[in-house]
Amino acid sequence: QVQLVESGGGLVQPGGSLRLSCAASGSIFDTMGWYRQAPGKQRELVATITSGGNTNYVDSVKGRFTISRNNSKNTVYLQMNGLKPEDTASYYCNARRTLYDNTVLVYWGQGTQVTVSS
């Protein structure tokens with residue numbers, strides 16, 4: 001079975017930094033990324049990265065967050081700098097693989113809490 005194990009969440013003051021990690025079992029995924037969900041809000045995409053290194057970010061985190069991956073370790077990272085209170089949420093790792101018959105396999109981590117508060 002595929003398992004995504006997340007770590008790195010915590011409590012930081014505004015302007016602080018955190019680095020999230022997500023280690024995936026199994027073979028390499030086409031796309032890996034991070035989503036977040038705050039209480040009472042929809043889960044939103046934060047950042048994605050393809051196996052080739054192409055990245056995508058939601059506008060609100062551009063210039064502050066950096067997504068990266070180590071394909072040998074099958075691990076994706078999210079470096080978060082200049083954190084703001086509105087970044088407070090549970091962050092979920094996501095991994096996707098599209099099969100030759102166009103079936104899309106989607107896997108989720110269990111979430112890691114990020115709280116930005118003074």
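What you see is a predicted model, and the numbers here were worked out from it, not measured in a lab. Heavy-atom basis, side chains included; hydrogens, waters and symmetry copies ignored.
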Next item on the list: May I have the step-by-step check of side chain to side chain contact (heavy atoms under 4.5 Å, CB included) for L105 and L99, ending in yes or no?
Entry: CA-CA 8 Å; L105 304 179; L99 305 181; 4.1 Å; yes
Notebook entry, point to check: Given side chains that start at C-beta, do those of N56 and L45 come closer than 4.5 Å, heavy atoms only?
Noted result: yes
Check: salt bridge (Lys or Arg N to Asp or Glu O under 4.0 Å) with D59: which residues, sequence neighbours excluded?
Finding: K62
Checklist line | Nearest non-hydrogen partners of C93 and L4, listed with the distance | finding: SG-CD2, 3.6 Å
Note to self: Please give me the minimum heavy-atom distance between T112 and E6, naming the atom from each residue.
What the structure shows: N-OE1, 3.2 Å
Notebook entry, point to check: Nearest 0.5 Å, what's the OG1-CE distance between T75 and M32?
Noted result: 7.0 Å
Next item on the list: Would you name the heavy atoms of A89 and A38 that are closest together and state the gap between them?
Entry: CB-N, 3.9 Å
Notebook entry, point to check: Counting only heavy atoms not in Q79, do more than 12 sit closer than 6.0 Å to its CD atom?
Noted result: yes
Item checked: N74/F29 under side chain to side chain contact (heavy atoms under 4.5 Å, CB included): CA gap, chis, key distance, verdict -> CA-CA 8 Å; N74 212 11; F29 291 90; 4.0 Å; yes
Note to self: Please tell me whether R69 and T50 have a donor and an acceptor in their side chains that are separated by less than 3.5 angstrom.
What the structure shows: no
Notebook entry, point to check: Out of curiosity, L11 CG to S118 OG, how far, rounded to the nearest 0.5 Å?
Noted result: 10.0 Å
Next item on the list: Would you sort out whether N70 and Y77 count as a side chain to side chain contact (heavy atoms under 4.5 Å, CB included), showing the intermediate values?
Entry: CA-CA 8 Å; N70 185 321; Y77 308 92; 4.2 Å; yes
Note to self: Here's one to test your reading of the geometry: is the NZ or CZ of R36 within 45 degrees of the ring axis of Y91 and under 6.0 Å from its centre?
What the structure shows: no
Next item on the list: Verify the neighbour count for atom CD of Q13: are there more than 12 heavy atoms of other residues, nucleotides or ligands below 6.0 Å?
Entry: no
Check: side-chain contact (heavy atoms from CB on, under 4.5 Å) with F65: which of L83, N81, T55?
Finding: L83
Check: In terms of hydrophobic clustering (I, L, V, M, F, W, Y; side-chain heavy atoms under 4.5 Å; direct or indirect links), are Y92 and Y57 co-clustered?
Finding: no
Check: Just how far is it from atom OG of S68 to atom CZ of R19, taken to the nearest 0.5 Å?
Finding: 6.0 Å
Next item on the list: Quick one: do T66 and L78 satisfy side chain to side chain contact (heavy atoms under 4.5 Å, CB included)? Show the steps, please.
Entry: CA-CA 6 Å; T66 302; L78 186 67; over 6 Å; no
Notebook entry, point to check: Is the closest side-chain heavy-atom distance between P85 and P14 below 4.5 Å?
Noted result: yes
Next item on the list: Establish, for the pair R96 and Y107, whether the NZ or CZ atom is under 6.0 angstrom from the six-membered ring centre and no further than 45 degrees off its axis.
Entry: no
Check: Where do T88 and V116 come nearest, in terms of heavy atoms and distance?
Finding: OG1-N, 2.9 Å
Item checked: Rounded distance (nearest 0.5 Å) linking atom CD1 of I28 with atom CG of N71 -> 3.5 Å
Notebook entry, point to check: Looking only at heavy atoms, what is the nearest atom pair of G111 and S90, with distance?
Noted result: CA-OG, 4.0 Å
Next item on the list: For a side-chain contact (heavy atoms from CB on, under 4.5 Å) with W34, tell me which candidate from I49, N94, L20 qualifies.
Entry: L20
